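Chain naming here is simple, since letters A, B, ... match the order of the sequence lines and numbering starts at 1 in each. Computed from a predicted structure; not experimentally measured.
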Amino acid sequence: MIDKNYAPQEIENKWYAFWMENKLFASKPNPNKEPYSIVIPPPNVTGVLHMGHMLNNTIQDVLIRKARMEGKEACWVPGTDHASIATEAKVVAMLKEKGIEKKDISREEFLSHAFEWKEKYGGIILEQLKKLGASCDWDRTRFTMEPKLYQAVIDTFVRLYNKGLIYRGVRMVNWDPQGKTALSDEEVIYKDVQAKLFHIQYPLSDGSGSVTIATTRPETIMADSAICVNPADERYLHLHGKKVKIPLIDREISIIPDEYVSLEFGTGCLKVTPAHDLNDYELGLKHKLPVIDILNDDGTLNEKAQIYVGVDRFEARKRIVKELNEKGFLVQTEEYKSTVGTSERTGAVIEPKLSLQWFLKMEDLAKPALENVMNDNIQLVPAKFKNTYRSWMENVRDWCISRQLWWGQQIPAFYLQDGTVIVASDKKEALKIAREKYQLFALVEDDLTQDPDVLDTWFSSWLWPISVFDGIENPENEEISYYYPTNDLVTGPDILFFWVARMIMAGYEWRGELPFRNVYLTGIVRDKLGRKMSKSLGNSPDPLDLIEQFGADGVRSGLLFSAPAGNDLLFDEKLCEQGRNFSNKIWNAFRLVKGLQIEEGNNLPEHTLAIEWFQSKFNQTLVEIQDHFSKFRISDAILAIYNLIWDDFCGKYLEIIKPAYQSPIRKETLEATLNIFDQLMRLLHPYMPFITEEIWQNMEERKAGESICRAEFPKGGPSNTGLLSQFEQLFEIISKVREIRNTKQLSPKLALALYIKTSNASQYAAIEPILIKLANLENVQFTDNVVSDAQTFVVKADQFFVPLELNQDPAEVKAEAEKELGYLEGFKKSVEAKLANERFVQNAKADLVERERQKLADAVNKIKSLKEILEKLA
RNA sequence: GGUCUAAUAGCUCAGCUGGUUCAGAGCACCUGCCUUACAAGCAGGGGGUCCUAGGUUCGAAUCCUAGUUGGACCA
């Protein structure tokens, strides 16, 4: 006997191994099939699976499995990205533990350590995805630092440089003093902090008094180039043209007027520090102020600061405040709410810093990327993100693509000794250009120095949909021609700009075409309290533990039950439990069917009817599901299947055809039931791949290597609406009888008698056996008169009576019937009013008016029946 | 501060082009059942000022305006 509790662990491992052995997820271009491709958002090599990945990859797997079953050439390309800052930080930390400092080893040595690290830990997340059931074509696994993709990035750089889109320039960039690298604007996260606003007095050089400025960063006073006041500020008119001395270091600076300064904020006097503030930098450019950079790359003060040299910026702040206070320069300290930028990767407070970096011009690239999203050539799901996308793309700024790291693609820029830059795919090529272009025939490779910096990780991931098919290096190859553009991209809205927008740009730049047609943006997985799941809060369950506990199918369905596109999902283990229970329900339905004994023969007539009914129900639901799917309502789709299986198939259909204990079932009925089961498993397979495979394999003997993964997705067919409504009515009668049993506290085992007063008794002939079975009736009889001493109810226009020997208060019974009558009469009145309204009849659609008329007719019939019953009571 | 988005049952959310078969689902809750597939189950039940105030309309949970309160993104 099969265990009555479904145990997923062993079954899931077994089938994943089977799928891999039989290469069921492998794909290659097939001109006879329609291609369907997805590229995975490559997780960081440093990453481990978290709930966001689970959701995201489950959705991708649903899409790809369904496409595969629909006969498309489905290809899901997996891979990882090298995550330059995060990985470099991990490798540096690992080396430190071994007693090795990065500065003591060569770039080559460092990289070999990094690759070693990647080999060891970089594949973990992909292995975890297999536990989830992800049907990626694993033979295609790519990595952004592998040679081919590396080369694609280099070539991209060279080409964009030659096109004039990449330039090198001194700019104020976001400096991460911990990662010791520049960051792009998008890698900065602004956080609200409670800061202090220090009011500091600067003495006038002529000794005629002082001015007071307000700043949150007193440690930068040594970098001040000027004091600025608004020319319209009457308080400070007398100061124009005067000079002040910076406290502690006594350096003299001028007071300059500029409208930029707000009259209201602080004291109305602004210290201008061009080296350490973006706005001040621009002000400095305007007034030709000197730029004094007092910070080292690691955030400590340098000798230009004159004091506290070598001290960290935050420590220096404390000490300077103390000293200013002691020496009487600190006038006042005010609490102040402000925001600081922090590094997305290291969390360090960003330092605005002037430096020489490489930039990519975005204006031309952004144009088609904006246009084709706004006109829905590329569809964002949900569409509300179009707004955000637009505002970003319309205000796009040049992209700082250089990073002061070693782990990444090294910028292919080579410098001659005089500083001349030559951009070429390698040193040899650069030398060739140097010789030809600059006539430097004596030059050798050693005279060229390559730029030590690497490229931003996103500068390789933006090529991902193209580069995984080798479409940069070899733009005409069979793979890219077949699979590109990819179909759907599934990712989080948090990287809509970082990644999605840039892939779109790259798509148009390289292929003149969109990289994918639909972008499905998932919500953020939050905990029950609505907090974002994070390592630091420790509120994220370990996905592998969840899979262990509920099975991958349970976790997948649990996530999908509550995952509408773009809306955050408040994750609760309860959902996985519900998923597990669903698995168990299916498992037990299968146990029932599998355990039946067979007797030769055709269907019983009521079984034939039930089979027809279920097929209609199935077809009707399939239409709904396909509709949900076309709109990416994955959550609604799985709920529809859940209800179809649990309520309609298990709760109703199986109850109808189930023979009495130890009685056999007709062969024809069993075959039909197995066929239905098979269809249901195919329908459910994309969501719950493991249990559906297990059952499908056990339904009948399968050929070697055959799998539900490649079985045909149900196509559906017509549904008999008359039959559907007949069964609706049937189930309503059954419910009413059960309700009587329940409210009157009767045993479920007690068979009841049912009398029906109807003008059309023949309609009940076919369904009578079902009614008797599911409502547990001893018989069904027809009557022309109202039955007294009975519980009654009305369905459509027919009256039903369940005779019971109960001592009930007739007044109570009457009151109940009157209450229902009252409601119905109110209802009738409102429909009548509506139909009497000429403007309604004129303006509303014809079928709507017809439906209202039908409602009215139904209500009239029902009222008539109720009145009959009431008369009898009186 | 700017832009966007949301508010429906105790909780999480559906509700699509306005139409009382449209006020719904799941969970939670209450009652009764260990009925030979399933107690991870079965049967039944209660529960809502559809955020507030106006407006459009024959008709508003749905459209418009304002407000309140969340959330996201940007600065």
Is the phosphate of B/rG15, meaning OP1 or OP2, less than 4.0 Å from a side-chain N or O of A/R633? yes

**Message:** Could you tell me how far B/rC50 sits from B/rG15 if I compare only their C1' atoms? Round to whole Å.
**Reply:** 11 Å

Problem set entry | C1' spacing across the pair B/rA28 / B/rG46, given as an integer number of angstrom | 13 Å

Under a 4.0 Å heavy-atom criterion, the protein footprint on nucleotides 42-48 of chain B, written with B, S and -, is SBSS---

Among B/rC74, B/rA39, B/rA37, the one nearest any side-chain atom of A/Y661 is B/rA37

Find out whether the Lys NZ or Arg CZ of A/K617 is both under 6.0 angstrom from the six-membered ring centre of A/F727 and within 45° of the ring's axis.
no

**Asked** Taking the C1' atom of each, how far is B/rU52 from B/rG70, in whole Å?
**Response** 15 Å

* Which of parallel (below 30°), tilted (30 to 60°) and perpendicular (above 60°) describes A/F677 and A/F590? -> perpendicular

ask   = Base, sugar-phosphate alone, or nothing: which one does A/E577 contact when heavy atoms must sit under 4.0 Å apart?
value = nothing

Per atom distances to the A/N5 side chain, the nearest of B/rA40, B/rG26, B/rC16 is B/rA40

Per atom distances to the A/K749 side chain, the nearest of B/rU35, B/rA37, B/rU31 is B/rU35

| Contact class for A/S391 vs. all strands (heavy atom < 4.0 Å): base, sugar-phosphate, or nothing? | nothing

From the candidates B/rA75, B/rC38, B/rG15, the one with an atom nearest any side-chain atom of A/N588 is B/rC38

Exercise. Return no unless some side-chain N or O of A/R741 is found under 4.0 Å from OP1 or OP2 of B/rU35.
Key: no

message = Need one value for A/N584: base, sugar-phosphate or nothing, where a base atom within 4.0 Å counts as base even if backbone is also close, heavy atoms only.
response = base

Measuring only the P atom in each nucleotide, how far is B/rG32 from B/rG71? A whole number of Å is fine. 43 Å

Taking B/rC27, B/rA75, B/rC38 as options, the one with an atom nearest any side-chain atom of A/Q578 is B/rC27

- Task: Establish, with yes or no, whether the OP1 or OP2 oxygen of B/rG32 is under 4.0 angstrom from a side-chain nitrogen or oxygen of A/K744.
- Result: no

TODO: For nucleotides B/rA61 and B/rG55, find the distance between their P atoms and express it as a whole number of Å.
DONE: 15 Å

Notebook entry, point to check: Which of parallel (below 30°), tilted (30 to 60°) and perpendicular (above 60°) describes A/F629 and A/Y687?
Noted result: perpendicular

Discussion item. Could you tell me how far B/rA37 sits from B/rC42 if I compare only their C1' atoms? Round to whole Å.
Written reply: 12 Å

### Query
Which is true for A/E732 with a 4.0 Å heavy-atom rule: it touches a base, it touches only sugar-phosphate, or it touches nothing?
nothing

A/N387 has its side chain closest, among B/rU35, B/rC4, B/rA37, to B/rC4

- With a non-hydrogen cut-off below 4.0 angstrom, is A/R853 in contact with a base, only sugar-phosphate, or nothing? nothing

- Item | B/rC63 and B/rU17, which share atom name C1', separated by this distance in whole Å | 12 Å

Considering only heavy side-chain atoms of A/K574, the closest of B/rC27, B/rC74, B/rC38 is B/rC27

